[in-house]
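Quick notes on the structure that follows.
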Amino acid sequence: MLKRTLVAAAAALGLWAGGALAQAYPTKPVTVIVPFAAGGPTDVIARIVGENMSKTLGQQIVVENVVGAGGTTGITRGAQATPDGYTLMMGHMGTHGAAPALYPNLKYDPTKDFEPIGLAAGTPILIVAKKDFPPKDLKEFVAYVKANATKINQAHAGIASVSHTTCLMLTHQLGVKLTEVAYRGTGPALNDLVGGQVDLMCDQIVNLVEQIKGGQIKAYAIATPARSPALPDVPTTREGGLPEYEVSAWNALFAPKNTPAPVVARLNDALSKALDDPTTRKRLLDLGGVVPEGQQRTGAYLGDFVKAEVARWSPIIKAAGIVGQ
Ligand code: ASP
């Protein structure tokens with residue numbers, strides 16, 4: 001009798017269906033929407049973890065680049081997708097932290113419209129410039145940017161993107177306004193920085209290590225308290241005399257709200273296995289990514305983290321006096 005009652009209760013809660021679904025899932029390829037252009041940090045991180053997750057899940061993970069509006073176009077599409085585990089999103093500090101403060105009519109709420117799967121990587125921010133940008137170090141950079149602001153172009157990946165908001169912090173602190181050039185992601189922005197068509201950028205480390213090491217661009221500082229093992233020669237903003245400029249970003253996987261809990265758990269497990277896989281880990285670490293550990297890997301942690309990020313960015317953006325789109 002008790003057993004029957006339990007079965008009925010479980011069925012009413014959808015647990016039965018959920019359990020069966022989780023066992024069968026996934027039966028076809030899983031799409032991860034990357035809201036920026038191919039080749040940039042969000043795309044690279046999605047492809048690195050996605051490759052290993054495919055092995056665990058036994059189905060291909062297909063990256064779909066849906067670009068526009070600082071990543072909010074792709075995330076809006078993903079938020080509205082059928083919540084069946086076959087459409088996921090690789091969001092970041094911009095799409096799930098800064099965007100609400102910059103887009104008053106944003107069609108999703110980062111804190112309510114998603115099932116957080118887990119953090120994929122932390123990504124320190126660096127101040128970089130084209131290789132023949134005149135300043136030699138961060139001190140000279142600050143003086144040069146202040147003196148030449150009207151002539152300087154700054155690349156970013158659209159309003160509310162990481163590169164936009166983190167450079168907004170920087171230029172606000174320096175009291176300057178630069179000419180902004182928006183790209184579909186910092187992959188294409190980096191190409192133009194290497195080509196010298198734009199002057200400078202603030203971006204996630206995973207996009208930059210190779211070009212800094214190869215001397216194709218200049219790195220002035222990394223905005224974290226400690227240097228990165230991936231770029232041991234690049235000084236911190238503290239060392240360089242700009243300690244007030246410290247900021248980091250991150251990328252994380254999300255599913256649309258109401259994706260069944262067993263499916264989200266399966267995805268979280270596959271992501272965590274990817275982060276423990278030696279090859280995947282090494283690829284992320286070589287690019288300067290910070291691999292989340294322990295508690296930081298849970299969906300609950302990511303959910304709370306997103307709330308904290310939205311709360312953190314709103315006053316920064318208000319202080320910078322930027323009007324929403
Ligand atoms: N790093 C980028 C940003 O600035 C986007 C990208 O991943 O291409 O938000």
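Scope of the values below: all heavy atoms of this structure, side chains included, with no hydrogens, waters or symmetry mates. Atoms within each ligand, like the ligands themselves, are counted from 1 in listed order.
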When you measure from [atom] to every protein heavy atom, which one gives the shortest distance, and what is it?
atom                   : result
atom 2 (C) of ligand 1 : Thr186 OG1, 3.3 Å
atom 7 (O) of ligand 1 : Thr42 OG1, 2.6 Å
atom 9 (O) of ligand 1 : His92 NE2, 2.7 Å
atom 1 (N) of ligand 1 : Gln204 OE1, 2.6 Å
atom 4 (O) of ligand 1 : Ser163 OG, 2.5 Å

**Asked** To the nearest 0.5 Å, how far apart are OG1 in Thr280 and CG in Leu284?
**Response** 7.0 Å
Is the [X] ring parallel, tilted or perpendicular to the [Y] ring (thresholds 30°, 60°)?
X      : Y      : result
Phe305 : Tyr301 : parallel
Phe36  : His92  : tilted
Tyr220 : Phe141 : tilted

**Message:** One pair to check against ring pair (Phe, Tyr, Trp, His ring centres under 6.0 Å): Tyr183 and His156. What are the steps and the verdict?
**Reply:** CA-CA 6 Å; Tyr183 290 82; His156 64 61; 8.4 Å; no
**Request:** Decide if atom CZ of Arg77 counts as having more than 12 heavy atoms of other residues, nucleotides or ligands within a radius under 6.0 Å.
**Result:**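 No - once you tally the heavy atoms of other residues, nucleotides and ligands closer than 6.0 Å, there are 12 at most.
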Enumerate the atoms of ligand 1 whose separation from the nearest heavy atom of [X] is less than 4.0 angstrom.
X      : value
Val162 : 3 (C), 4 (O), 9 (O)
Gly185 : 8 (O)
Ser161 : 3 (C), 4 (O), 9 (O)

**Request:** Quickly, which of Leu88, Asp269, Leu253, Thr259 forms a side-chain contact (heavy atoms from CB on, under 4.5 Å) with Val264? Name it, please.
**Result:** Thr259
**Message:** Counting only heavy atoms closer than 4.0 Å, does ligand 1 sit against the backbone of Asp203, its side chain, both, or neither?
**Reply:** side chain
